[in-house]
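Report on the following structure.
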Protein chains: 2
Amino acid sequence: MTKRETTILQAAEAMVRQGGYNSFSFRDIATEVGIKSASVHYHFPTKEDLGAAVAQYYTDKFIDALGDPNDIHSSGKNPIESYIAAFRAALIEDKGMCLCGVLGAEADALPESVIAATRMFFVRNIEWLERAYLCLGHTENSKAAAIQTVSLLEGAMITSGAMTDISYFDASIELLKLIDIRV
Amino acid sequence: MTKRETTILQAAEAMVRQGGYNSFSFRDIATEVGIKSASVHYHFPTKEDLGAAVAQYYTDKFIDALGDPNDIHSSGKNPIESYIAAFRAALIEDKGMCLCGVLGAEADALPESVIAATRMFFVRNIEWLERAYLCLGHTENSKAAAIQTVSLLEGAMITSGAMTDISYFDASIELLKLIDIRV
DNA sequence: GTCTATAATTTGATAGAC
DNA sequence: GTCTATCAAATTATAGAC
């Protein structure tokens, strides 16, 4: 992945997170990056290529930023709280939805490879969360707790975004605290 | 609202729920309904008009189908279970996302009146849920419980849709049962 | 790698006949 | 209300020069 390609993916990420897969064009990306649309096609021949690449780029970046749940736990912190903080930061700092939450909502009309990349976001996040809950002692319900956590956070972003009020996000995630009492 | 306008809104609803606001055109709607695109413009002059109308149509239909939470409770049923069933039916029978969940995810790039109509979906759903939790005895946390419920259901639809596996929806909504123990 | 130029199609929208 | 006809702009994508 060259620097230019990374810059293109960053521009695409911002636009998908604001309005979805069909809300931007190759010209929009090109203008933002400071090149021409034909040059964007050189790096990503079709929009499907670009869509799948940005979903994978976002997922890699997101999972990488989380770090290892066991390491977080070993250092005395709660990995679930770290995970929640990652979503909250994405909502506040980037002022945007979760990229794969948006693509997931539009999934029925997306090209196959974009759907596949979007699905991988959820697979890898649920894997991460399951390991986090396991090291917190949830030996029986770790998979279910993981699914519940990612679902609630995706929904909290949407509710909060639709209401344009971060307090709806914070009110939503309070529900996650109830998972702990189930250990 | 004439029959023709209702038919147009139903076609638009299906398309938004499949792929979002920018995934369909006036021609798509016209073909589906069996008329020409100019005729669609006669009923809904701009796409913003159509978008706002379909969000309001969907919300009215959804809230109306729920009925009154007090009546449900009086008849011996749990209104929250009725609410969950409404979302599950929307996911299975229509094979689509929540229309306002999709629009909420795309909100940053939608026309003002479409965002406003989308926000009303969440306002009215939270109101309904708050009344439901109140009649179940949640006198202190009814608003928070309402927000948590709609967020989790919206997120459960996205996760389930992205994974194309309804079991992710069912695993997600198990978390709502924990709200009861908080009464 | 990036550009100019352009093809082929689609899009939201309007004018005016019936 | 619906149609034909049309428009101007935008869209994805390609060919070929530099």
Taking [atom1] from [X] and [atom2] from [N], how many angstroms apart are they, rounded to a whole number?
{"X": "A:D49", "N": "D:dT12", "atom1": "CG", "atom2": "P", "value": "13 Å"}
{"X": "B:K3", "N": "D:dG1", "atom1": "NZ", "atom2": "C1'", "value": "15 Å"}
{"X": "B:H41", "N": "C:dG12", "atom1": "NE2", "atom2": "P", "value": "7 Å"}
{"X": "B:I8", "N": "D:dT2", "atom1": "CD1", "atom2": "P", "value": "7 Å"}
{"X": "A:N22", "N": "C:dT10", "atom1": "CG", "atom2": "C1'", "value": "12 Å"}
{"X": "B:K47", "N": "C:dT11", "atom1": "NZ", "atom2": "P", "value": "8 Å"}
{"X": "B:R27", "N": "D:dC3", "atom1": "CZ", "atom2": "C1'", "value": "13 Å"}
{"X": "A:K36", "N": "D:dT14", "atom1": "NZ", "atom2": "C1'", "value": "17 Å"}

Which of these nucleotides, [options], is closest to any side-chain atom of [X]?
{"X": "B:T46", "options": "C:dC3, C:dT6, C:dA13", "result": "C:dA13"}
{"X": "A:I35", "options": "C:dC3, D:dT12, C:dA13", "result": "C:dC3"}
{"X": "B:S25", "options": "C:dT14, D:dT12, C:dG12", "result": "C:dG12"}
{"X": "B:D28", "options": "C:dT4, D:dT4, C:dT11", "result": "C:dT11"}

At 4.0 Å (heavy atoms only), tell me whether [X] reaches a base, stays on the sugar-phosphate, or touches nothing.
{"X": "B:F44", "result": "nothing"}
{"X": "A:Y42", "result": "base"}
{"X": "B:S39", "result": "base"}

Is a salt bridge present between [X] and [Y], judged by a nitrogen-to-oxygen distance below 4.0 Å?
{"X": "B:R124", "Y": "B:E127", "value": "no"}
{"X": "A:D68", "Y": "A:R131", "value": "yes"}
{"X": "B:D170", "Y": "B:R88", "value": "yes"}

If you count the non-hydrogen atoms of other residues, nucleotides and ligands that lie under 6.0 Å from CD in A:Q56, is the total more than 12?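 No, CD of A:Q56 has 12 or fewer neighbouring heavy atoms, counting only those of other groups under 6.0 Å.
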Looking only at side-chain N and O atoms, does B:R4 come under 4.0 Å of OP1 or OP2 in D:dT2?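 So the side-chain polar atoms of B:R4 do come within 4.0 Å of the phosphate oxygens OP1 or OP2 of D:dT2, strictly under.
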Check whether any side-chain N or O of A:H43 sits under 4.0 Å from OP1 or OP2 of C:dT2, and answer yes or no.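 Answer is yes, contact under 4.0 Å.
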DNA chain D: B:T2 or B:A38, which has the more 5' nearest nucleotide?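 With B:T2 and B:A38 compared, the 5'-side residue is B:T2.
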Donor-acceptor pair, A:D60 side chain versus A:Y57 backbone, under 3.5 Å?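 No; zero donor-acceptor contacts below 3.5 Å.
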